[in-house]
Protein chains: 2
Amino acid sequence: MNETKKSNTEQLILEAAEQEFLVKGYDGARTTIIAEKAGVTHAMLHYYFRTKEQLFERIVAKNSAVVAQTMIAAMGDPNMSVQERIKSGVASHFDLIVANPQLPRFLLNEIILRPERYHMLYENWQETIGQLFEDLQNEVDQAASQGEIEPIDVRMLFLSIISLNVFPFVAQSFAEPLMGNLITDREKFLAARKAENIETILRRIKKQSI
Amino acid sequence: MNETKKSNTEQLILEAAEQEFLVKGYDGARTTIIAEKAGVTHAMLHYYFRTKEQLFERIVAKNSAVVAQTMIAAMGDPNMSVQERIKSGVASHFDLIVANPQLPRFLLNEIILRPERYHMLYENWQETIGQLFEDLQNEVDQAASQGEIEPIDVRMLFLSIISLNVFPFVAQSFAEPLMGNLITDREKFLAARKAENIETILRRIKKQSI
DNA sequence: TTTACGTATAACAATTTTGTTAAATAGAAT
DNA sequence: ATTCTATTTAACAAAATTGTTATACGTAAA
């Protein structure tokens with residue numbers, strides 16, 4: 001109930017555009033189809049957003065904030081022990097992906113296709129993420145030196161976390177037919193997968209008994 | 001030196017098409033650009049392959065064999081102990097991805113966009129993969145019951161393996177700017193990442209000391 | 001009421017992209 | 001030499017996609 005500020009048709013177009021762009025990407029989406037799905041003539045689309053490009057920008061802008069959010073979430077809550085922090089990081093990152101399951105594939109593709117367009121995003125992200133890496137690495141190093149966990153490069157750990165959490169969504173339609181009944185009950189699978197990813201990451205940093 | 005059987009221009013077109021399609025996908029690729037990159041007139045492209053669609057089919061056909069190969073590789077060599085089998089599976093799967101770094105993103109996207117087109121692939125894969133899952137699950141269950149490893153659903157394990165191995169390539173251009181100097185030396189990073197993924201998976205199945 | 005403004009429609013224009021064709025060329029087979 | 005075939009070229013046609021414009025409509029302010 002918070003998006004009624006803008007004219008109704010403008011909003012309808014934005015919603016249809018988001019669906020189309022997220023699923024089909026910039027190249028695959030068609031302005032005529034977007035207009036059709038929005039239930040407006042396709043001239044209206046150009047009236048409100050001038051070009052496909054500008055409409056696309058709106059969708060990217062709306063969604064790229066979420067991406068930064070997910071990356072930060074994956075670093076966990078600093079007010080916790082290292083293990084707890086990482087555990088909460090995996091969990092909340094996973095939850096954010098579940099809430100935006102189409103977003104990763106979309107953005108990964110668009111960034112590969114037109115990297116120039118996303119330079120500005122990186123400048124925002126780089127320092128925030130860099131700082132978080134630094135902090136977390138310090139914590140990890142300290143915990144490792146006290147024998148609480150195994151030493152590890154947090155960037156590698158981070159890459160593992162987002163790999164485990166994101167890939168099943170990027171690859172969903174690929175994996176589904178191969179996994180038998182594992183994925184059929186979506187709720188069940190999501191819960192199991194979340195637990196599995198947490199387990200995998202925690203075991204990775206767990207101190208090996210000698 | 002083994003592809004000179006076909007006429008030279010046909011081969012040139014195929015090579016250019018593979019580059020374009022793998023990077024830009026079906027929607028993003030342009031037949032004119034492919035022809036240009038191949039150094040032939042774009043009428044030649046239609047002369048040899050009639051339609052963009054048919055040219056695309058050729059590229060898909062050529063590459064989808066590799067995909068089946070990677071999945072099978074990820075199951076490891078059955079003539080080994082379970083730990084060794086899984087370790088070798090992760091390693092050789094990783095190597096296959098390194099050898100075809102653009103393929104995963106390409107196929108994942110195309111399958112999502114036009115699932116119908118890939119039904120035939122699944123029918124081949126499903127039984128092979130299903131059988132491999134069954135065999136491996138038996139081995140794992142047995143090893144687990146003897147206290148050698150932790151019990152686990154091999155499909156979950158498989159999903160983790162391909163997540164860890166594939167995602168960094170799918171997300172390369174996204175991750176690069178965020179990872180600082182971690183990725184700059186590609187050879188070094190690949191070796192480190194391979195070791196990291198093996199370690200992560202082996203720890204996942206390692207029997208916990210009590 | 002009338003003016004002004006944002007919104008809507010329908011028809012059209014421009015551009016991009018894919019696909020075709022007729023005629024020219026070159027080389028091998030008869 | 002002639003015929004036949006595969007290849008090439010250049011110009012063109014068709015389709016799909018994006019973008020524009022002239023005109024109409026409705027509503028709120030003057």
Side-chain angles (χ1 to χ4, degrees), chain A residues 2-62 106 109-110 112-114 116-117, chain B residues 2-63 106 109-110 112-117:
Chain A
N2 57 11
E3 314 250 50
T4 329
K5 14 183 175 183
K6 293 285 180 178
S7 108
N8 192 36
T9 64
E10 181 172 350
Q11 193 54 34
L12 287 171
I13 294 169
L14 280 172
E15 282 161 18
E18 180 159 18
Q19 269 315 303
E20 285 295 294
F21 280 133
L22 283 191
V23 174
K24 303 184 181 168
Y26 182 84
D27 291 322
R30 300 285 169 245
T31 57
T32 51
I33 303 287
I34 292 173
E36 195 178 299
K37 287 207 171 182
V40 305
T41 64
H42 106 278
M44 290 313 297
L45 185 148
H46 289 287
Y47 170 72
Y48 278 105
F49 301 97
R50 211 68 189 175
T51 67
K52 180 183 181 182
E53 186 89 10
Q54 283 184 48
L55 177 55
F56 182 75
E57 296 286 4
R58 290 283 296 271
I59 304 302
V60 169
K62 183 192 161 195
F106 168 75
N109 278 320
E110 295 300 332
I112 286 177
L113 255 34
R114 278 171 281 277
E116 337 76 57
R117 182 186 259 156
Chain B
N2 56 11
E3 315 251 49
T4 329
K5 15 183 175 179
K6 293 283 178 180
S7 106
N8 192 36
T9 66
E10 181 172 349
Q11 193 54 35
L12 286 172
I13 294 170
L14 280 171
E15 282 161 19
E18 179 159 19
Q19 269 314 303
E20 285 296 293
F21 280 132
L22 283 191
V23 174
K24 303 186 181 168
Y26 183 84
D27 291 323
R30 300 286 168 245
T31 56
T32 52
I33 303 286
I34 292 172
E36 195 178 298
K37 286 206 172 182
V40 306
T41 65
H42 104 278
M44 289 313 297
L45 185 149
H46 289 287
Y47 170 73
Y48 278 105
F49 301 97
R50 211 70 188 176
T51 67
K52 181 183 181 181
E53 187 88 10
Q54 284 184 48
L55 178 55
F56 183 75
E57 297 286 4
R58 290 284 295 270
I59 305 301
V60 170
K62 184 191 161 194
N63 283 282
F106 168 76
N109 278 321
E110 295 301 332
I112 286 178
L113 254 33
R114 277 171 281 277
E116 336 77 56
R117 181 185 260 156

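Scope of the values below: all heavy atoms of this structure, side chains included, with no hydrogens, waters or symmetry mates. To find a chain, count down the sequence lines: A is the first, B the second, and so on, and within it residues start at 1. Please read these numbers as outputs of a predicted model, since none were measured by experiment.
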Below the 4.0 Å mark, does dA10(C) have OP1 or OP2 next to a side-chain nitrogen or oxygen of Thr41(A)?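 So the side-chain polar atoms of Thr41(A) never come under 4.0 Å of the phosphate oxygens OP1 or OP2 of dA10(C).
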Just N and O in the side chain of Thr31(A): are any of them under 4.0 Å from OP1 or OP2 of dT18(D)?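 Looking at the OP1 and OP2 atoms of dT18(D), one of them is under 4.0 Å from a side-chain N or O of Thr31(A).
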Between [X] ([atom1]) and [N] ([atom2]), how many Å, whole number?
X	N	atom1	atom2	result
Arg50(B)	dT20(C)	CZ	C1'	8 Å
Asp27(A)	dT18(D)	CG	C1'	14 Å
Met44(B)	dT21(C)	CE	C1'	14 Å
Ile33(A)	dA16(D)	CD1	P	12 Å
Phe56(B)	dT18(C)	CZ	P	13 Å
Ile13(A)	dT18(D)	CD1	P	14 Å
Tyr48(A)	dT20(D)	OH	C1'	17 Å
Glu20(A)	dT17(D)	CD	C1'	14 Å

Nearest to the side chain of [X] - [options]?
X	options	result
Lys52(B)	dT9(C), dT8(D), dG19(C)	dG19(C)
Ala43(B)	dT20(D), dG19(C), dT9(D)	dT9(D)
His46(A)	dT20(D), dA11(D), dT7(C)	dT20(D)
His42(B)	dG19(D), dA8(C), dG19(C)	dG19(C)
Arg30(A)	dT9(C), dT18(D), dT8(D)	dT18(D)

Does a salt bridge link Glu57(A) with Arg117(A), judged by any charged N lying under 4.0 Å from a carboxylate O?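 Judged by the 4.0 Å cut-off on N to carboxylate O distance, Glu57(A) and Arg117(A) do form a salt bridge.
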May I ask you to decide whether Glu20(A) forms a salt bridge with Lys37(A), counting only side-chain N to carboxylate O separations under 4.0 Å?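 Salt bridge between Glu20(A) and Lys37(A), a charged N being under 4.0 Å from a carboxylate O: yes.
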Give me the one residue out of Val23(A), Ile59(A), Ile34(A), Leu55(A) that meets side-chain contact (heavy atoms from CB on, under 4.5 Å) with Glu18(A).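 The residue from Val23(A), Ile59(A), Ile34(A), Leu55(A) that satisfies side-chain contact (heavy atoms from CB on, under 4.5 Å) with Glu18(A) turns out to be Ile59(A).
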Select base, sugar-phosphate, or nothing to describe what [X] touches, counting heavy atoms under 4.0 Å on all strands.
X	result
Thr32(A)	base
Ala29(A)	sugar-phosphate
Tyr47(B)	base

Assign the ring pair Tyr26(A) / Phe21(A) to parallel, tilted or perpendicular, where the plane angle (0 to 90°) is split at 30° and 60°.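 Ring orientation, 0 to 90° scale: parallel.
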Is any side-chain heavy atom of Thr51(A) less than 4.5 Å from a side-chain heavy atom of His46(A)?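 Contact flag for Thr51(A)/His46(A) side chains = no.
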